[in-house]
2 protein chains.
Amino acid sequence: MTVLETQGFLPHIAFDSVVFGFSKGKLKILLMEYHDTGWLALPGGFVGKNEDLDEAAKRGLKERTGLDNIYLEQFYTFGNMARFRPEVMQTILAANGFHLDSDHWMLDRFISVSYFALIDFEKVILTPDELSDSIAWYEIENLPNLILDHNAIVKKALQTLKENLERKLIGGNLLPERFTMNELQQVYEAIFGQKLRRTTFQRKMLGLDILERHEKLYTGKSHKAPYLYSFRKV
Amino acid sequence: MTVLETQGFLPHIAFDSVVFGFSKGKLKILLMEYHDTGWLALPGGFVGKNEDLDEAAKRGLKERTGLDNIYLEQFYTFGNMARFRPEVMQTILAANGFHLDSDHWMLDRFISVSYFALIDFEKVILTPDELSDSIAWYEIENLPNLILDHNAIVKKALQTLKENLERKLIGGNLLPERFTMNELQQVYEAIFGQKLRRTTFQRKMLGLDILERHEKLYTGKSHKAPYLYSFRKV
DNA sequence: TTATTATTGTCTCATTATGAGACAATAGAT
DNA sequence: ATCTATTGTCTCATAATGAGACAATAATAA
């Protein structure tokens with residue numbers, strides 16, 4: 001049964017997720033590419049008639065990334081009329097061989113409840129949905145054009161992430177369990193979009209008393225080996 | 001034409017507003033009391049089929065408070081199954097003489113896109129809606145039980161307000177155009193829920209270079225008269 | 001083995017921000 | 001003229017941050 005045949009979703013309500021990952025010093029997000037059209041969009045979906053809104057977002061992420069227990073935060077609901085462009089969805093569906101009546105629920109107006117997720121880049125197993133050719137990582141600094149208002153959604157997600165980063169100390173969710181101080185600093189720099197002072201950053205992070213120091217990491221480079229750290233549990 | 005006869009709203013989508021005002025040193029919000037039931041709820045409404053989500057929230061506020069140009073911020077969308085309790089709305093409507101079929105759109109599941117507003121307490125002209133006996137101010141520190149998850153909505157609104165207060169300097173929206181430093185401090189204290197140091201607060205506010213100093217305010221009290229301030233435009 | 005290089009962890013010192021209070025100025029009451 | 005409560009501005013101690021110095025060290029080159 002395809003999503004189109006299902007009668008089990010709430011009309012007019014969708015969710016979209018801005019999934020952040022960090023790799024090679026760059027902040028990236030996941031984008032789907034729809035069949036034939038080449039159009040890019042945020043991963044998202046619909047809400048089951050008997051499903052919690054948050055559960056729907058978690059389910060969607062699990063389907064695309066294979067991950068459970070993701071750091072996930074709802075940040076805004078987009079509901080302007082300007083985002084109602086039924087021809088966009090119609091084109092995407094037509095490229096998949098579906099030709100719907102114009103009163104079909106999927107061609108109706110939708111509001112998008114939007115979430116952002118922070119995940120460990122290395123752990124993801126990407127899986128496209130039935131309408132997409134691919135799902136892949138794109139650098140946040142150099143995003144292509146996305147369908148509808150998805151560029152604005154990403155912009156707001158990044159803004160929210162910036163504002164929350166220090167207060168909530170969530171940056172570590174983008175790294176593996178153990179990481180070096182330099183890696184953590186790179187995450188902060190990528191999100192804030194600016195260089196930070198090494199010694200000040202180290203002093204502040206250690207002073208927060210949230211990091212646990214482990215063994216050194218010998219990378220084979222000819223210089224002093226950095227310690228590995230993890231975030232203190234509870 | 002009552003809201004019940006209207007076919008012009010999106011199903012499943014509502015908005016609710018936490019309207020903050022400040023008076024006599026206390027932070028307060030607006031609550032509606034439904035006919036007969038005595039039940040209390042946040043002011044809210046539905047979204048027109050051709051209406052922007054934000055516009056719907058503004059329209060609702062205009063109807064209840066008479067105010068335009070309100071500081072209004074969307075902060076969260078509540079969409080758990082637990083908030084789907086059709087008997088609540090049915091009881092409210094029954095108390096107003098409406099007896100709807102159980103498949104009526106108003107008895108369906110709703111998600112609530114929630115906003116908070118900051119307004120000048122003195123400027124409001126309160127107007128109940130067609131299902132309510134009254135709309136009135138209630139102290140945030142001593143709220144009664146509200147229907148559904150509205151207590152949780154208020155809690156989240158207050159939390160968001162706290163988190164945004166310093167970064168966005170929005171506290172002045174709760175005061176009239178001109179105010180004393182002491183009044184501004186009381187607003188901050190009411191929102192943070194704790195006393196602040198007078199001299200430090202004054203120094204910080206003046207140091208931000210966002211206040212304009214005007215004439216003194218002579219209240220008739222036997223002590224030095226404070227200056228009036230306003231927020232610098234642009 | 002020893003010198004070299006790049007990076008790390010920690011220290012110092014200057015600058016800025018904040019906490020806590022002192023104190024003179026002053027509007028009205030006594 | 002004196003008193004009281006509050007305001008605006010200072011001062012000084014303490015804490016946080018900016019900016020850099022410097023020794024430690026892991027691998028490489030000599």
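Predicted, not measured: the structure shown is a model, and the values here were computed from it.
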Spacing of [X] atom [atom1] relative to [N] atom [atom2], expressed in whole Å:
X: Q202(A); N: dT17(D); atom1: CD; atom2: C1'; result: 15 Å
X: K221(B); N: dT30(C); atom1: NZ; atom2: C1'; result: 18 Å
X: L206(A); N: dT17(D); atom1: CG; atom2: P; result: 14 Å
X: K204(A); N: dA15(D); atom1: NZ; atom2: P; result: 17 Å
X: M205(A); N: dT17(D); atom1: CE; atom2: C1'; result: 14 Å
X: N182(A); N: dA6(C); atom1: CG; atom2: C1'; result: 12 Å
X: Q185(B); N: dT7(D); atom1: CD; atom2: C1'; result: 12 Å
X: E215(B); N: dA27(C); atom1: CD; atom2: P; result: 14 Å

I need the full list of side chain to side chain donor-acceptor pair (under 3.5 Å) pairs touching residues 189-207 of chain B, with sequence neighbours left out, sorted by first then second residue. Q185(B)-E189(B)

Hey, could you give me each pair passing side chain to side chain donor-acceptor pair (under 3.5 Å) that has a residue in residues 28-48 of chain B? Not counting sequence neighbours.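 Those involving residues 28-48 of chain B are H35(B)-N96(B), H35(B)-D133(B).
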
ring-ring contact (aromatic ring centres under 6.0 Å, His included) involving F192(A) - partner list, sequence neighbours excluded: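 Not a single residue meets the ring-ring contact (aromatic ring centres under 6.0 Å, His included) criterion with F192(A).
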
All pairs passing salt bridge (Lys or Arg N to Asp or Glu O under 4.0 Å) where residues 218-234 of chain B contributes a residue, at least two apart: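 Residue pairs with at least one partner in residues 218-234 of chain B: E177(B)-K233(B), D209(B)-R232(B).
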
What pairs of residues pass the salt bridge (Lys or Arg N to Asp or Glu O under 4.0 Å) test when at least one of them lies in residues 69-83 of chain B, not counting sequence neighbours? E73(B)-K168(B), R83(B)-D149(B)

Using a cut-off of 4.0 Å between protein heavy atoms and nucleotide atoms, how would you tag nucleotides 19-25 of chain D 5' to 3' with B, S and -? BBB--BB

Residues E55(A), R59(A); criterion salt bridge (charged side-chain N to carboxylate O under 4.0 Å, His left out); working and verdict: CA-CA 6 Å; E55(A) 288 306 317; R59(A) 171 177 52 78; over 6 Å; no

With sugar-phosphate meaning primed atoms plus P, OP1 and OP2, does G220(B) contact a base, only sugar-phosphate, or nothing at under 4.0 Å between heavy atoms? sugar-phosphate

